[in-house]
Amino acid sequence: MRKLFLWILIGMSVAATAQVPPAAPHRSSIYLKYGTHRLGQRQDAMMERWRNYGLGQFIHWGVYALTGGHWNGKIYPGAAEWIRSWKEMPKDAYDNLYKEFNPSQFDAKAWARQAKEMGARYVIFTTKHHDGFCMWPSKYTNYTIAATSYKKDIVKEVVEAYTNEGIDVYLYFSVIDWNHPGYRVSLKTAEDKKEYESFKTFTANQLKELLTLYPQTKGLWFDGTWDAAWVQQAGFADSLEKELRAMIPGLIIGSRFRADEYGRRHFDTNGDLMGDYEQGWERKLPNTIEDVHGNDWDCVMTIPENQWGYHSKWLGHVKTSTELIEMMVRSVSLAGNFVLNFGPDGKGLIRPEETRLAKEIGQWMKVNAAAIYDATYAGFEKPEWGYITKNRNAEKYYLVVFNSPVKGAINLKLPAGKGISKLYDLDNNSNSYTPEEVHKSSSGSEFYIHLKSQPATPKVIVLELSDNEGKSGVQYEKAKT
Ligand code: JFZ
């Protein structure tokens, strides 16, 4: 609507004055029927809540967990949840594997408790991955949990257990569906088009079914939307998105759902974000605040290099808790959320490596969560020693030190006209820094804070600013060389 108005306005000014119209801020003036629904960030309470999460958990769980990346004595080195696409894996063998899916050890409450202890404030759960297997008893296909000997509705158990722990639930849904007869990668023939219509109806039905069965759902995390066939469904996807949003007020949908009428995904032809947050930060992170263009975003991250579903042999580098904590802090310092992936095994157990990392992150969060929850970009230049975050509702800054400085002091450039009013260790509020421990550079704009000890884990110092430059800090003495 806003777009249409803008278009008319620009059109009128051209007609009236025959001059070049002033450029609309950062946008070209192409009228899009299926472009973004909104310019700028959402300002409602639900989106505010999303923005404040800081840390989330992703769970990839499905039939693929039974293979653990193995078939017939061979190891599939790719992402375990993709094993069905491996040439060595017979399709019908995979498509019959679900009969053996009976995760006797699955305990949604234990998962939720662990996620809570780790500090996750939201969870994204795979209701259906590319294989098409439904972790809920969908009435639109037989390829579901109801057809296994396990029978029980896994999505329901996850939604209830996590909701009871106060963790918001988001449903992952793959549009790619290797099991549905109408699914196509591209539409080459009239037959393809006809078949794909049945697939579109099926997809819409399943999504509405999910939101009806699990009204606690806070959002949908879409995937597998890059195929040409889907990209051509701009109008269909646009109205489906509106219908889904109408079912749950405040529902959150990222930028990986639909394309505009020119086939542009994530950002429409005018360069505007489609959906509520940018959903392209997958196993990568922005470097600067400019990289995120003022949009909300989250980063989804694997513990090994590229395994989402359970793979019994993690190859390559496995991230440490310190590395993961650093990625989380970096995300928050650039106004995003960090979501860590878990891939439970075929029995329903979370592997020991993941449990250990969850514990270690949780221990850090117990002390330092204030730097993550309700926190965001602080407006400072990125320091070499780590990251700075800021509480969204207070003038409190969190200096998160990762690289122990050789000098034993961290430097900090304050915004003009600001002085330090309070400075203390987050793990010990009474541990304030004295003026003697805060040294000023000769120019006066830079401070050197002498750390009380070499931090063993990423350490957080809280900074509160006052409006005048104050008297904080004594002159910093440079080494004479
Ligand atoms: C997709 C899936 O194929 C994968 O199995 C997993 O579920 C992951 C979360 O999402 O993989 C992608 C999707 C998008 C990109 C990379 C991998 N991307 O945009 O770079």
Side-chain angles (χ1 to χ4, degrees), residues 56-69 76-86 89 94 120 122-135 154-155 158 169-180 183 185 203 210 219-231 252-259 263-268 273-275 277-287 291-293 295-311 314-316 319 324 327 331 336-345 354:
Q57 179 188 38
F58 210 147
I59 300 176
H60 274 72
W61 199 39
V63 167
Y64 42 82
L66 284 176
T67 69
Y76 170 57
E81 71 282 4
W82 276 80
I83 194 167
R84 187 188 181 276
S85 67
W86 193 28
M89 173 105 211
Y94 188 94
Y122 68 125
V123 66
I124 307 165
F125 183 73
T126 49
T127 61
K128 177 177 94 166
H129 205 266
H130 308 336
D131 61 3
F133 182 76
C134 301
M135 299 293 268
I154 285 174
V155 175
V158 167
V169 180
Y170 291 72
L171 304 181
Y172 167 108
F173 184 93
S174 166
V175 169
I176 290 179
D177 186 324
W178 296 327
N179 192 264
H180 192 276
Y183 167 73
V185 173
T203 301
L210 281 171
L220 295 167
W221 204 96
F222 284 103
D223 196 15
T225 52
W226 47 77
D227 289 333
W230 180 254
V231 169
I252 292 174
I253 297 177
S255 62
R256 201 190 285 184
F257 179 51
R258 61 188 181 88
R264 295 285 180 87
R265 303 174 57 243
H266 296 278
F267 293 89
D268 69 16
L273 183 74
M274 292 195 284
Y277 65 96
E278 192 186 347
Q279 214 186 330
W281 297 102
E282 178 164 320
R283 294 188 294 120
K284 62 181 181 212
L285 282 161
N287 285 314
D291 291 343
V292 304
H293 307 286
N295 292 314
D296 287 303
W297 63 277
D298 72 3
C299 165
V300 294
M301 187 59 73
T302 51
I303 293 169
E305 196 181 321
N306 183 27
Q307 294 292 346
W308 298 90
Y310 175 71
H311 198 299
W314 276 351
L315 303 168
K319 295 171 191 79
L324 294 167
M327 291 177 191
S331 299
N337 289 325
F338 184 73
V339 184
L340 184 62
N341 182 69
F342 288 67
D345 69 16
E354 291 176 348

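Position 1 is the first residue of the sequence; numbering continues from there. One-based numbering, in listed order, for ligands and for the atoms of each.
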Using heavy-atom distances, let me know which of Q307, E81, R283 sits nearest atom 4 (C) of ligand 1.
E81

Check: W308 N/O within less than 3.5 Å of ligand 1 N/O:
no

Sub-4.0 Å atoms of ligand 1 with respect to non-hydrogen atoms of W82:
2 (C), 3 (O), 4 (C), 5 (O)

Proximity of W221 and F58 rings by center, below 6.0 Å:
yes

I'd like to know if the side chain of Q307 reaches the main chain of G78, judged simply by a donor and an acceptor atom lying under 3.5 Å from each other, with no hydrogens or angles considered.
yes

Nearest-contact summary for atom 3 (O) of ligand 1 - protein heavy atom, Å:
H130 NE2, 2.7 Å

Test side-chain hydrogen bond (donor to acceptor under 3.5 Å, both in side chains) applied to H311 and Y76, step by step:
CA-CA 9 Å; H311 198 299; Y76 170 57; over 6 Å; no

Verdict with supporting geometry, Y277 and N337, side-chain hydrogen bond (donor to acceptor under 3.5 Å, both in side chains)
CA-CA 10 Å; Y277 65 96; N337 289 325; over 6 Å; no

Looking at M135, is its backbone amide N or carbonyl O close enough to the side chain of T127 to form a donor-acceptor pair, meaning the two atoms are under 3.5 Å apart?
no

Distance to 0.1 Å, residue and atom name: give those for the protein heavy atom nearest to atom 11 (O) of ligand 1.
E282 OE2, 3.2 Å

Can you check whether D223 has an N/O within less than 3.5 Å of an N/O in ligand 1?
yes

Return the closest protein heavy atom for atom 19 (O) of ligand 1 as residue, atom name and distance.
R256 NH2, 4.0 Å

Residue H60 vicinity, atoms of ligand 1 by number, heavy atom under 4.0 Å
6 (C), 7 (O), 9 (C)

Taking atom types as modelled and ignoring hydrogens, do the side chains of D131 and Y64 form a donor-acceptor contact shorter than 3.5 angstrom?
no

